[in-house]
Protein chains: 2
Amino acid sequence: METSEKLLIRSLEMFMRYGIKSVSMDDIASEMGMSKKTLYQYVKDKRDLVNQSVNYHFTQDREACSRVLGHSSNAIEQMLDIASHVIQMMRQMNPSTIYDLRKYYPEGWKKFEEHRKVFIVSCIRDNIQNGKENGLYRPELSEDVIAKIYITLIDASVNPTSELAELQNYSEIIRQVIDYHLHAITTHEGREYLYKHIEALNL
Amino acid sequence: METSEKLLIRSLEMFMRYGIKSVSMDDIASEMGMSKKTLYQYVKDKRDLVNQSVNYHFTQDREACSRVLGHSSNAIEQMLDIASHVIQMMRQMNPSTIYDLRKYYPEGWKKFEEHRKVFIVSCIRDNIQNGKENGLYRPELSEDVIAKIYITLIDASVNPTSELAELQNYSEIIRQVIDYHLHAITTHEGREYLYKHIEALNL
DNA sequence: ACTTTAAACACTCACAAAGTTTCCAAATTA
DNA sequence: TAATTTGGAAACTTTGTGAGTGTTTAAAGT
């Protein structure tokens, strides 16, 4: 493994575990068993390291999502599998990491959020098309509209000041959002399938 | 509820959720709906607030432990119930909070750790006496020695550089430590009881 | 032996935030 | 109602951490 990749992985681990502000470049250099001077041969500055490691995380996560989607046998199962994956992933996200990203690296956060939205929108559009072809989703649905509605709900689910934040925890929020979403878009046939499988949603 | 108590509770929530360094006095004042000037009427400085809120947490936790112990029907059940409680409590402890305490408030951390050890030692000593009287623990056990061994294991369980840190997660560490400890100190009768109940240890 | 590399650590400086002060509106008291 | 007190909002000063750079020197490589 290349040192530069190892650096991203280790930095990401530390940022995710302890938050970003608390982890100094001295800490990272020490963790990597190298001097700070050497560390700066790999990254321009801390901002660069933060952005690179966050992008690395996004890339890994996107690939994991694609693998999950590739294993799902129909559109509803895709949504349930992705929800399950998202719940697992968010369990590893330390609130302080998000807090620090928003507070100290707002541009990086915005870019990350934009990329994430583009990816989610793409997944939802594909999923709607797939669901229509399966006969599980209502044929009159507009991919664009549903994707925008879904993103609205997902944005609210991670916003500490939203109505949704009052729910018990993130797993419960996602569960409710998925339940709502799938009921909104399924045909009668789709709903029969949904009733049989939603209890398997892994919390 | 008194404002000063509410301040401790809210501060503790924020520190536990986002870490200590990331949460500024501005953030706390804003969260409390008061100005920084008013905030400083309640605490001397940030250090004071951190120490007070950590002590508050310790006091609450100690009381919860005492309640748990009061409901246990014998010495082994006490240990299993406390382990379960500790696992639940540690699930809420953000690694970044501990990291920040150790890094930026070492004296406060040391004092907190000392108090915690004294409390644990006291619980273990009582538990050993209780277990001997029940006939569940070996009569030749020395309370002092066993308490010291147990503290050694507990210290290692929260030290990121220890051998124990290689285990999967904290719940697993505690489970293994409790299993080990109880096997070490039980009589034949105690071990029969233990086999029947250790699977109920809440992970 | 000579050259290159990188660790360890010293150093400078920027900047965030701790803590203090000011202004002024709101609340309380007489 | 007027006077006094209180506390919010924000400006301000100070402090200290840590980002990033530079130096020394030992270790590694040729």
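Convention: sequence-line order gives letters A, B, ...; per-chain numbering from 1. Remember, it's a predicted structure, so these values are computed and weren't measured experimentally.
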Show your reasoning for whether side-chain hydrogen bond (donor to acceptor under 3.5 Å, both in side chains) applies to A:N130 and A:Y137. CA-CA 8 Å; A:N130 191 9; A:Y137 293 172; over 6 Å; no
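For the ring pair (Phe, Tyr, Trp, His ring centres under 6.0 Å) condition, the pairs that include at least one residue of residues 51-103 of chain A, sequence neighbours left out, are A:F58-A:F112, A:Y99-B:Y18.
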Please produce a list of atom pairs where a protein N or O lies less than 3.5 Å from an N or O of nucleotides 13-23 of chain C.
{"residue": "C:dA17", "atom": "OP1", "partner": "A:Y104", "partner atom": "OH", "Å": "2.4"}
{"residue": "C:dA18", "atom": "OP1", "partner": "B:K46", "partner atom": "NZ", "Å": "3.1"}
{"residue": "C:dA18", "atom": "OP2", "partner": "B:M25", "partner atom": "N", "Å": "2.8"}
{"residue": "C:dG19", "atom": "OP2", "partner": "B:Y40", "partner atom": "OH", "Å": "2.9"}
{"residue": "C:dG19", "atom": "OP2", "partner": "B:K46", "partner atom": "N", "Å": "2.7"}
{"residue": "C:dG19", "atom": "N7", "partner": "B:K36", "partner atom": "NZ", "Å": "2.9"}
{"residue": "C:dG19", "atom": "O6", "partner": "B:K36", "partner atom": "NZ", "Å": "3.1"}
{"residue": "C:dT22", "atom": "O4", "partner": "B:K37", "partner atom": "NZ", "Å": "3.4"}

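For D:dG8, one of the phosphate oxygens OP1 or OP2 lies less than 4.0 angstrom from a side-chain nitrogen or oxygen of B:T38.
Note: A:I174 CD1 to A:S84 OG = 11.0 Å, rounded to the nearest 0.5 Å.
Residues B:N74 and B:Q78 bring no donor and acceptor atom of their side chains to less than 3.5 Å of each other. Using a 3.5 Å distance cut-off with no hydrogens or angles, the side chains of B:S96 and B:N94 do pair a donor with an acceptor.
Of the residues listed (B:D27, B:D45, B:D26), the one engaging B:K36 in a salt bridge (charged side-chain N to carboxylate O under 4.0 Å, His left out) is B:D26, and it is the only one.
For the helix from C:dA1-D:dT30 to C:dA30-D:dT1, the terminal axes (five pairs an end, C1' atoms, rotation from four pairs onto the next four) enclose an angle of 30°, given to 10 degrees.
Whole-Å rounding puts the A:Q41 CD to C:dT5 P distance at 9 Å. One atom, CG of A:D48, and another, C1' of D:dG20, lie 13 Å apart when rounded to the nearest Å.
Around CD of B:E107, the count of heavy atoms belonging to other residues, nucleotides or ligands within 6.0 Å exceeds 12.
Ring centers of B:H197 and B:Y193: under 6.0 Å apart, within the cut-off.
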